[in-house]
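Report on one structure; see the data block that follows.
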Amino acid sequence: MRGEGVIQSEAGSRSMVRAALAWGVHAFTALGAVVGTGALLSLGVGNLRSAALLMLLALFIDCVDGSLARAARVQEHAARLDGRRLDDIIDFLNYVVVAVVFLVVSGALLHPALVALPVLASCYGFCQADAKTDDDFFLGFPSYWNVVALYLWLFETAPEIGSALVVALSVLVFVPLKYLYPSRMKVFYWTTNVGGALWMVALGACVAWPERVAPFHVLLLSLFYPAYYIGGSLWFGGMARRRA
């Protein structure tokens, strides 16, 4: 009997640890909302560099929290909280709301009213039933407006070009092309994710120390990863049929 009690106690302790880890992952995901709010506050006072760094931090959190959630088995040990819904809420904040405010504050658009296009398109993109396909792709342009906003700012792109790009990408949200879902890839997983990590570091350096990295053309070199992502999406994903 005493032995059974010890075993039960150990099992209970392990269960508590697993639950703590699972809830810790949820807290880490929720930290993205705090970071996004900080980015909005920075934009409110015109501090674009601080906002850009916080946007990259939020992107980092989003890139790793899914893998942490699967490792911690949050659906099993912290089932009271819907991690996917939490992730979608925070993604909409950071990938859409913060990004379009950045577009306006940075002067990337001809008129602030143009942000209605990516906002409305993203509302559709996030809520469509097959936003993530059964074979682990995003369907339609996956609202990477934060990346778009950062590149338009870093390249000091003319508002005419920025506006045309925003309109085109807003349309692509509705086009049923499949885009890579890096953390769920079955092929080139490490190539894609390690490349993404290096890309994030490069972009962070361009934001934090633009004068130091300019002689090495780091900003231009960083475009190789978006090009890889688009090429890989067309090669492995392509056009998909929407559900009836």
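Surrounding CD of E156 are at most 12 heavy atoms belonging to other residues, nucleotides or ligands under 6.0 Å away.
With sequence neighbours left out, S106 forms a side-chain hydrogen bond (donor to acceptor under 3.5 Å, both in side chains) with no residue at all. Applying the side-chain hydrogen bond (donor to acceptor under 3.5 Å, both in side chains) test to T29 and every residue at least two apart in sequence or in another chain returns D65.
A donor-acceptor pair is defined here as one N or O able to donate and one able to accept, closer than 3.5 Å; such a pair exists between the side chain of S163 and the backbone of L110. Using modelled atom types, one side-chain atom of N193 and one backbone atom of P182 make a donor-acceptor pair closer than 3.5 Å. Side chain of Q128 to main chain of G140: no donor-acceptor pair is present (N/O by atom type, distance under 3.5 Å, no hydrogens or angles). N94 contributes a side-chain N or O that, together with a main-chain N or O of G32, makes up a donor-acceptor pair within less than 3.5 Å. A distance-only check finds no donor-acceptor pair linking the side chain of S233 to the backbone of G237 [under 3.5 Å].
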Exercise for the section: Please assess D135 against K178 for the test side-chain contact (heavy atoms from CB on, under 4.5 Å), listing each intermediate value before the final yes or no. Expected result: CA-CA 10 Å; D135 53 348; K178 296 196 293 185; 2.7 Å; yes
Practice task
Starting from the C-alpha separation in whole Å, work towards a yes-or-no answer on side-chain contact (heavy atoms from CB on, under 4.5 Å) for L154 and L203.
Solution key: CA-CA 9 Å; L154 287 169; L203 209 58; 3.8 Å; yes
Exercise for the section: Go through the steps for L177 and F137 under the test side-chain contact (heavy atoms from CB on, under 4.5 Å), then give the verdict. Expected result: CA-CA 9 Å; L177 283 170; F137 285 88; over 6 Å; no
Exercise for the section: Test T192 against Y228 for side-chain contact (heavy atoms from CB on, under 4.5 Å), laying out the working first. Expected result: CA-CA 8 Å; T192 303; Y228 165 82; 2.7 Å; yes
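The side-chain heavy atoms of L234 and I230, taken from C-beta on, include a pair separated by under 4.5 Å. In this structure the side chain of L198 never reaches within 4.5 angstrom of the side chain of Y225, judged on heavy atoms.
The ring-ring contact (aromatic ring centres under 6.0 Å, His included) with F138 is formed by just one residue from the set Y181, Y95, F126; it is Y181.
A side chain to side chain donor-acceptor pair (under 3.5 Å) check over residues 40-53, counting only residues at least two apart or in different chains, returns the pairs S42-S50.
Ring centers of Y144 and Y179: at least 6.0 Å apart, outside the cut-off.
Hydrophobic clustering, with ILVMFWY side chains joined whenever heavy atoms are under 4.5 angstrom apart, groups L68 together with F60.
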